[in-house]
Each structure stands twice: as C-alpha cells, then as structure tokens.
Peer 1: 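Let me give you the structure first, and then I'll get to my questions.
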Amino acid sequence: MRPNDRAGSNLMRRQELELLAAKIRRNVLDICMQRGGYAGQGVALADIAACLYFDELRDDTKGWFHDRFVLSNGHDAIMCYGALAEHGSYTMEELRTYNADGTKVDQSPIEGQLGFEITAGSLGQGPSQAAGIAYGERLKGSDKRVYCLFSDGELQEGNVWEAAMFASHHQLSNLVYIIDNNDLGATGSTTDTLGVEPVPEKFEAFGFAARRINGNNIEEILNAFDEARQIHDKPYVLICDTRLFVGIDCLRAVLPMAHYVAAKDADWEAGLTEINAKITSLTNRL
Ligand SMILES: Cc1ncc(C[n+]2csc(CCOP(=O)(O)OP(=O)(O)O)c2C)c(N)n1
Ligand SMILES: [Mg+2]
C-alpha cells in the first residue's frame, strides 16, 4: 500500500489502521503469553506499527517493502512480529516460538532475519546504521526512504548524537527517526536515571525537523509521516510519547511499568478478552 493511495476517505483509512493496530496488540499478547516477552512495548507501539507497515512503507513488486525499516532497540522486535503477522510474512505458529530455546524468532533479532536490517540488542547502533543506509541510497540515486525506530533509553548513548550530526550534515531528507519516548529505561524512568529532554529541541539544534506527537494517536502519526515527506533539505525525527500497554486498559491497571514484565496467565487472558472485544467492535464499525 502506498501512502495516500488508499481508496476511500481519510476516516476510512484511519479506521482501518485502528483495526490493524488492535490486531497487532492481540498478536503481541498471543506471542508473549507463551513464555514472556516485551509485551508492554509491543502493545504501546501498535499504532505506530500499523501506520508504518500498512500505510507509510511503500510496497515493492515482490511482496516486501520498497522503503527500508531499521529497528535499533532489538527488544521492540515484538512490535514488528505483531505487524508482520498481519502482513502475512510470519505465521502465528512460527511467532509463538518467540523466546524459546533454538527459535528463529529472537527477542532481539539478528541481521538478515526476515524484517530486520541489522543485528540489534547492543543499543544505540541503529541511528548510525540507518543514516549510513540513507546516505548509500542517495548515492545510488534511489528514492527509497529509510525509517529507524529507537528508544529514549538509546538517547543516552553518544553514538546516537554522532549519527544525528552526520545525517544533518548530509541533509538526509530520506531519513526518518522514530523515537519511542516512553520515559523508561532498563532500571526505571529516564527522567530519573539520565534525563533526555527536551528531545525535539536537541534534534532541532542538530539540524533536524522535529515533531513531537502522542504515539497512540493515528491521526497525529499519519500527519507527521505526511509532513516528513514534504521536507527536502534535512532529516526528520518523530518523537512519539508512549507509555507501556497503552491500548489495553486492564493490563495497564495491574502490571508494573517496567522494562520487562512477567504477567500471570490470568493477566494475559484478561488482556486478550479486552482486545478481542475491541477488534470485534472496530470490525463492525467498518
Ligand atoms: C549498549 C548497551 N548498553 C546497555 C544495554 C542494557 N540495556 C538493555 S535494555 C536497556 C534500556 C533501554 O531503554 P529503552 O530501550 O528505552 O527501554 P524500554 O523503554 O523499551 O523499556 C539497557 C540499558 C544494552 N542492551 N546495550
Ligand atoms: Mg524507553
């Protein structure tokens, strides 16, 4: 699907994406309830994933994407798995081996695994690699756009700021950084451990066009991607404010706001019941 090519109104486009986001949330729970995983991030990022995979990234002729997506914070692979299941490039059966011994569905993916451009897990690497890829695409004269998701925890890594300097110096307008700005790192709030704010102003000072949005508002996400495509002389950064488990209220109410959450079977079941009801009501609305 190409951006803005969808038949129907903007309202229809938004409603379809809301349904896809709900299905991604369901897939994330289904995958994580087997033996744990980064469900809080996957659920929170579902709206961004729906807009990215099903609206913004253009298709190629082989059933894959023309544009390139670089995941930097490997643990957010769960968001990609949830979306790629809807895309049809992974089956749920395969994905349910996530986090199992010997699985090919790693919690932090490796380069070459379907859907993943780089080996992620050592944080802070994606923004530089994505900037290099964007620079390379431009040297080749290609029109491919490069999108890189990384986290507020990664903003604490110096490498990210070297990449920002490089991207801006080379006016890489084919590069879009997407930041999961959830005020959370490995051991607690980034505000408390090593503050990263004000994020937009910092990137603007490095020469980026920056937009801060609610990462769970589909309209705001689509508008930002539209805006990014209109900019031709600098890279773009989309700062998405999110919080773990947004979109599944019962899990938000009972689970701790922590980098890795161990939920009980009853929590997973309650989350699935809530999201399945939402999927039914969003389907009926279309
Ligand atoms: C280079 C590097 N340093 C430290 C770590 C250990 N680590 C794993 S997760 C994490 C916190 C990451 O913050 P963020 O990605 O914002 O976490 P989230 O909000 O998704 O829970 C850290 C420091 C790492 N993986 N890589
Ligand atoms: Mg974080």
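Just so you know, these numbers use all the heavy atoms, side chains as well, and skip hydrogens, waters and symmetry mates. Since the model is a prediction, treat every value here as computed from it, not as a measurement. First listed ligand is number 1; within each ligand, the first listed atom is number 1.
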Peer 1: Please give me the minimum heavy-atom distance between Ala44 and Arg25, naming the atom from each residue.
Peer 2: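 In this case the closest contact between Ala44 and Arg25 is O-NH2, 4.3 Å.
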
Peer 1: Under 3.5 Å between some N or O of ligand 1 and some N or O of Ser122?
Peer 2: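 No, there is no polar N/O contact under 3.5 Å.
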
Peer 1: Locate the shortest heavy-atom distance separating Asp106 from Ile110; write the atom from each residue and the value.
Peer 2: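 Heavy-atom minimum between the residues: OD2-CG1, 4.4 Å.
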
Peer 1: Taking Tyr90 as the fixed residue, which of Tyr98, Phe116, Tyr81 is the one that meets the ring-ring contact (aromatic ring centres under 6.0 Å, His included) rule?
Peer 2: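 Running ring-ring contact (aromatic ring centres under 6.0 Å, His included) over Tyr98, Phe116, Tyr81 with Tyr90 returns exactly one hit, Tyr81.
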
Peer 1: Do Asp180 and ligand 1 have an N or O pair less than 3.5 Å apart?
Peer 2: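 No, no N or O pair falls under 3.5 Å.
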
Peer 1: Looking only at protein heavy atoms, which one is nearest to atom 20 (O) of ligand 1, and how far off is it?
Peer 2: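 Atom 20 (O) of ligand 1 sits closest to the protein heavy atom His75 NE2, 2.7 Å.
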
Peer 1: Flag Asn73 as yes if one of its N/O/S atoms falls below 2.8 Å of the Mg ion (ligand 2), otherwise no.
Peer 2: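 So Asn73 does not bind the Mg ion (ligand 2) by this criterion.
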
Peer 1: Identify, by atom number and element, the atoms of ligand 1 in contact range of Ser151, meaning under 4.0 Å from any of its heavy atoms.
Peer 2: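 Answer for ligand 1: 14 (P), 15 (O), 16 (O).
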
Peer 1: Numbering the atoms of ligand 1 from 1, which are under 4.0 Å from a heavy atom of His259?
Peer 2: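 Result: 9 (S), 17 (O), 18 (P), 21 (O).
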
Peer 1: Heavy-atom contact check, 4.0 Å cutoff: does Glu154 meet ligand 1?
Peer 2: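 Checking ligand 1 against Glu154, which is what was asked, there is no heavy-atom contact under 4.0 Å.
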
Peer 1: Look up atom 4 (C) of ligand 1 and tell me if a protein heavy atom lies less than 4.0 Å from it?
Peer 2: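 Protein heavy atoms within 4.0 Å of atom 4 (C) of ligand 1 - there are none.
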
Peer 1: Can you check which of Gly121, Ser108, Ser72 brings a heavy atom nearest to atom 25 (N) of ligand 1?
Peer 2: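 The option holding the nearest heavy atom is Gly121.
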
Peer 1: Below 4.0 Å from any atom of ligand 1, is there a heavy atom belonging to Glu157?
Peer 2: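 A heavy atom of Glu157 does come that close to ligand 1.
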
Peer 1: Gly185 and His259: which non-hydrogen atoms are nearest, and at how many Å?
Peer 2: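 Heavy atoms only, the tightest pair is O-CB, 3.7 Å.
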
Peer 1: Restricting to non-hydrogen atoms, name the atom on Ala163 and the atom on Ala131 that form the minimum distance, rounded to 0.1 Å.
Peer 2: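 It is O-CB, 4.4 Å.
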
Peer 1: Quick check on contacts: which atoms of ligand 1 are under 4.0 angstrom from a heavy atom of Asn182?
Peer 2: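 This gives 18 (P), 19 (O) as the contact atoms.
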
Peer 1: Would you mind naming the N, O or S atom of Asp152 nearest to the Mg ion (ligand 2)?
Peer 2: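 Sorting the N, O and S atoms of Asp152 by distance to the Mg ion (ligand 2) puts OD1 first.
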
Peer 1: How close do Cys80 and Phe69 get, counting heavy atoms only, and between which atoms?
Peer 2: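 Distance-wise, the nearest heavy atoms are SG-CE2, 3.8 Å.
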
Peer 1: Among all protein non-hydrogen atoms, which one is nearest to atom 11 (C) of ligand 1, and what is the separation to 0.1 Å?
Peer 2: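 The closest one turns out to be Ala186 N, 3.1 Å.
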
Peer 1: Looking only at distances, please establish whether an N/O atom of ligand 1 is found under 3.5 Å from an N/O atom of Leu123.
Peer 2: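 N/O-N/O distance under 3.5 Å: yes.
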
Peer 1: Could you tell me which non-hydrogen atom of Ile279 sits nearest to which non-hydrogen atom of Lys23, and how far apart they are?
Peer 2: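 For Ile279 and Lys23, the tightest heavy-atom pair comes out as CD1-CA, 3.9 Å.
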
Peer 1: Is there an N/O/S atom in Leu184 that lies less than 2.8 Å from the Mg ion (ligand 2)?
Peer 2: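 So Leu184 does bind the Mg ion (ligand 2) by this criterion.
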
Peer 1: Quick one: are the ring centres of Tyr260 and Tyr38 less than 6.0 Å apart?
Peer 2: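 When the ring centroids of Tyr260 and Tyr38 are compared, they turn out to be within the sub-6.0 Å range.
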
Peer 1: Hey, do the aromatic rings of Trp161 and Phe203 have their centres closer than 6.0 Å?
Peer 2: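 Yes: the rings meet the under 6.0 Å criterion.
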
Peer 1: For Asn284, does the CG atom have more than 12 heavy-atom neighbours from other residues, nucleotides or ligands under 6.0 Å away?
Peer 2: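 Result for CG/Asn284: enclosed.
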
